[in-house]
Amino acid sequence: MSNVIVTLPNGDKKETPQGTRIADFVKNSIGAGLAKAAVFAKLNGAEVDLSRAIDADASLQIFTSKNPEALEVARHDAAHVVADAVQQLFPGTQVTIGPTIEEGFYYDFFREKPFTPEELEQIEKRANEIVQKDVAFVREEVSPEAAVKLFEGKGEKFKIEIIHDIVNKGAKTLTLYKHGDWVDFCLGPHGPSTGKIGVIKILSSSGAYWRGDAKNPMLQRIYGIAFFDQKALDAWSKQKEEAAKRDHRRLGKDLDLFHFHPFAPGSAFWSPKGTALYTTLQGFMRKLALDSGYVEIKTPLLFNKGLWEISGHWDKYQDNMFLVKDSESGELTYGLKPMNCPSHYLYFAMKKHSYRDLPMRLHTQDVLHRNEAQGALSGLTRVRQFAQDDAHIFCTEDQIGSEVSRFVKLLDQVYGAFGLTYQAKLSTRPEKRIGSDEFWDKAENGLKVALESMKVEYELKPGDGAFYGPKIDFDVSDSIGRKWQLGTVQLDYNAAQRFELSYIGEDNKEHRPVVLHRAIYGSFERFIAILIEHFAGAFPTWLAPVQAIIVTVADRQLEYANSLKAKLGAEGFRVEVDDRGLSMQKKIAEAQVQKIPFTLVIGDREVETNAVAPRRYGGADLKAMPFDEFAALFRKEANWPTGAAPKPA
RNA sequence: GCCGACGUAGCUCAGUGGUAGAGCAACUGAUUCGUAAUCAGUAGGUCCCCGGUUCAAGCCCGGGCGUCGGCUCCA
């Protein structure tokens, strides 16, 4: 048998007999240490098991528990182990699919009864026993017929359905993975044995429709996660706890920002503090938008269905709309607006426009209602009543590029003010679309140039645009690394036709404007939820509902304290005096719990010298200083990042 | 909407069929204090709602409402 040449990532070339298994090659030609740590490999870039033979000259890359890719493989291994455990404990349960997901894995089972928490504990225990036994994973290639026969024998109807689907797509051979007696039909790759997994934790269970379709049977999904060792699991659990402490629903209560009532599910009550936050964000956005050439308008909340028929909402979106009865006819004649776009189109069409009016940038922060499914509601992130920092830009095709640039600049400024970083995704023309290629060229190019001129890195998503135009979505990363899709700018070639919008061009003829939909916060509600979690409730001074609280050592300093409050209050700052009959220490403690940026301690010394003794949230004790000195320092942080004084909406 | 878990004082939570509890918050009184929690006392609940089982229900059963975790990131 001849030798083949294996090229390693560092460029080294090694010879080995043709047909050598990767595991053996690593052990003999590289080192026993790596062989022991290896989880899977890439052979010529394709993910494979270590048991795979090297049949020809190839490049080889070994992945160990140090590589994130290996952890994903181990979690896929864990999904198999969990399925094995379930079928051991609950014979008759059918398996379906068990992929890895962003955080862990799941496995869907078909079974009449949902898993109880006790059963999940048993499953976790059994799964970890299988890990301890360190059973080897064995890969096998079989014909579709053999695979069907195998799973028919086991009564695995869902597996057979999957096999048929795959065969219909042209697959000739299928792969099976066995560990011990348990076998699953699976692409792989898998690690060498169950022992590599380390530790499996079952997280939760829930119902999930087969193939995500409510018409299909309901499956029982088990979520889990796996790590190479207990230490990594503990670290992950701890991180989870930390994230839970930031939960905006938790902090919303603790900091008294907002509340919900069963009579208004999905619609928040905002406390004075929450309202301060809300209106600050509104005012900030308003200021920046106006500075960027927008005009603000308000439009009706309630519209006759005639509008929704034109916009298409009556056909396509009615289930998500709140309809209102006309008390005279008894008919559901009206609908609460779920979006601002149609009313902006109506507004645009109310006057005849010249090309000189363009671009026209309409900004609106009106309240919107969407009837979200009961089970979809969640804190402030998924609500039925909310407001967007919405705007529509009406422009000519030639203005697309400069308008998108202007928007990206604004967006950059806004996210920067909150210390949020972002990534852009550009979605281009799909196969089914309207509009000429010329339009799409101009539109996509406008988006691209805008991103490039702003030096924004972006991911290209070819074919992912809407049928009526391309778009850019912006994912922001918060302080603990989570990603949220927030901003968007979407070109719309369709709206102007539907609503017969036009302007008179230089040529004295009618033209259709292009519409850009765009938002930066997305919705105020969801954005506030994200900010609460991003800052863990400790808002920067300019945003904080209470920016400074004054604590006196004794009641005799209250008069002076109130005079300071009045001075700062007159400048638009949110300052309070804690005049309750509590000890100074207690008041300071509470100010910390409430995460108020500045606590100003006032004793006889400060009164005598017209000073304050400020303390920052977190405990940094600034030395006593003249009030004017403090005020200058405070203004810098308490003013909006634009430098403007805080004059909320 | 569907599956599951949960719903007890303003908040966080104990309470597995036999007289509804704690801590914090609130209120009253005393204390006026120099940078993270002064002391004592008082009050506070239709145990989410409706119905059922039982001598007896916060607890068991059924229905409703709400909250939470999920409901195609490809074998």
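What you are looking at is a predicted structure, and each value in this text was computed from that prediction instead of being measured. Atom set for the values below is all heavy atoms of this structure, side chains included, hydrogens, waters and symmetry mates excluded. Order of the sequence lines fixes the chain letters, A, B, ..., with proteins taken first and strands second; residue numbering starts at 1 for each chain.
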Checklist entry - Using the P atom in both, what is the distance from B:U8 to B:G15, to the nearest Å? => result 14 Å
(Q) Measuring only the C1' atom in each nucleotide, how far is B:G64 from B:G7? A whole number of Å is fine. (A) 14 Å
Winner on side-chain proximity to A:V601, out of B:G34, B:C74, B:C3, is B:G34
B:A9 -> Watson-Crick or G-U wobble partner, both distances under 3.5 Å, gives none
Please confirm whether any donor atom in the side chain of A:R580 sits under 3.5 Å from an acceptor in the base of B:A26, or the reverse.
no
On a heavy-atom basis, the closest approach of A:A127 and A:A85 is N-CB, 3.8 Å
message = Just to be sure I understand the rule, does A:D604 reach a base, reach only the sugar-phosphate, or reach nothing, if contact means heavy atoms closer than 4.0 Å?
response = base
**Asked** How is A:S378 classified with respect to the nucleic acid when contacts are heavy atoms under 4.0 Å: base, sugar-phosphate, or nothing?
**Response** sugar-phosphate
Looking only at N and O atoms, is any donor in the side chain of A:Y209 or the base of B:G70 less than 3.5 Å from an acceptor on the other one? no
Suppose you measure atom P in B:U16 against the same atom in B:A30; what distance do you get, rounded to whole Å?
42 Å
From the candidates B:G34, B:A75, B:A37, the one with an atom nearest any side-chain atom of A:A613 is B:G34
Compute the centroid of each ring, for A:Y278 and then for A:F258, and state whether the two points are separated by less than 6.0 Å.
no
Under a 3.5 Å limit on both distances, the Watson-Crick or wobble mate of B:U16 is none
Mate of B:G58 across any strand shown (Watson-Crick or G-U wobble, both atom pairs under 3.5 Å) is none
Closest of B:U67, B:U35, B:A75 to the A:P265 side chain is B:U67
Looking only at B:A75, B:U38, B:G34, the nucleotide nearest the A:K586 side chain is B:U38
**Euclidean distance for P, B:C48 against B:C3 (whole angstrom)** = 23 Å
Closest to the side chain of A:R221, out of B:U72, B:C74, B:U35, is B:U72
Between B:A9 and B:G23, how far apart are the C1' atoms? Round to whole Å, please.
12 Å
Taking B:U38, B:U67, B:A75 as options, the one with an atom nearest any side-chain atom of A:S583 is B:U38
Within 45 degrees of the axis of the six-membered ring of A:F322 and under 6.0 Å from its centre: does A:R370 put its NZ or CZ there? no
Closest to the side chain of A:M584, out of B:G70, B:A75, B:U35, is B:U35
Regarding the side chain of A:V553, the nearest nucleotide among B:G70, B:C33, B:C11 is B:C33
*asked:* For the P atoms, the ones on B:G21 and on B:U42, what distance do you get once it is rounded to whole angstrom?
replied: 15 Å
As its Watson-Crick or G-U partner within any shown strand, both distances under 3.5 Å, B:U35 has none
Exercise for the section: Answer with yes or no whether the side chains of A:E156 and A:Q87 bring together a donor and an acceptor at under 3.5 Å. Expected result: yes
To the nearest angstrom, the CG-C1' distance between A:D165 and B:C74 comes to 11 Å
By the Watson-Crick or G-U definition, both distances under 3.5 Å, B:U53 is matched with none
Ranking A:L582 and A:A214 by the position along RNA chain B of their nearest nucleotide, the one closer to 5' is A:A214
When the P atoms of B:C39 and B:G44 are compared, how many Å lie between them, rounded to an integer? 24 Å
With the side chain defined as heavy atoms from C-beta on, A:K253 is closest, among B:C73, B:A75, B:U12, to B:U12
What distance, rounded to whole Å, do you find between the two C1' atoms, one in B:C73 and one in B:C11?
38 Å
Rounded to the nearest 0.5 Å, the CZ atom of A:F227 sits from the OG atom of A:S237 at a distance of 7.0 Å
Side chain A:E606 and base B:G34 donor-acceptor under 3.5 Å: yes
**Asked** Contact class for A:Q592 (heavy atom, under 4.0 Å): base, sugar-phosphate, or nothing?
**Response** base
Assess the side chains of A:H190 and A:H80: does a donor N or O sit below 3.5 Å from an acceptor N or O?
-> yes
Does A:E102 reach a base, just sugar-phosphate, or nothing at all? Heavy atoms under 4.0 Å.
base
Separation between CG (A:L219) and OG1 (A:T96), nearest 0.5 Å, reads 5.0 Å
Under a 3.5 Å limit on both distances, the Watson-Crick or wobble mate of B:C2 is B:G70
Next item on the list: Check whether the ring centres of A:Y107 and A:F105 lie less than 6.0 Å apart, and answer yes or no.
Entry: no
Re B:A25: Watson-Crick or G-U wobble partner, both distances kept under 3.5 Å, found to be none
5'-most contact on RNA chain B (nearest-nucleotide basis), A:D247 vs A:R556, goes to A:R556
Closest to the side chain of A:L187, out of B:C3, B:A75, B:A26, is B:A75
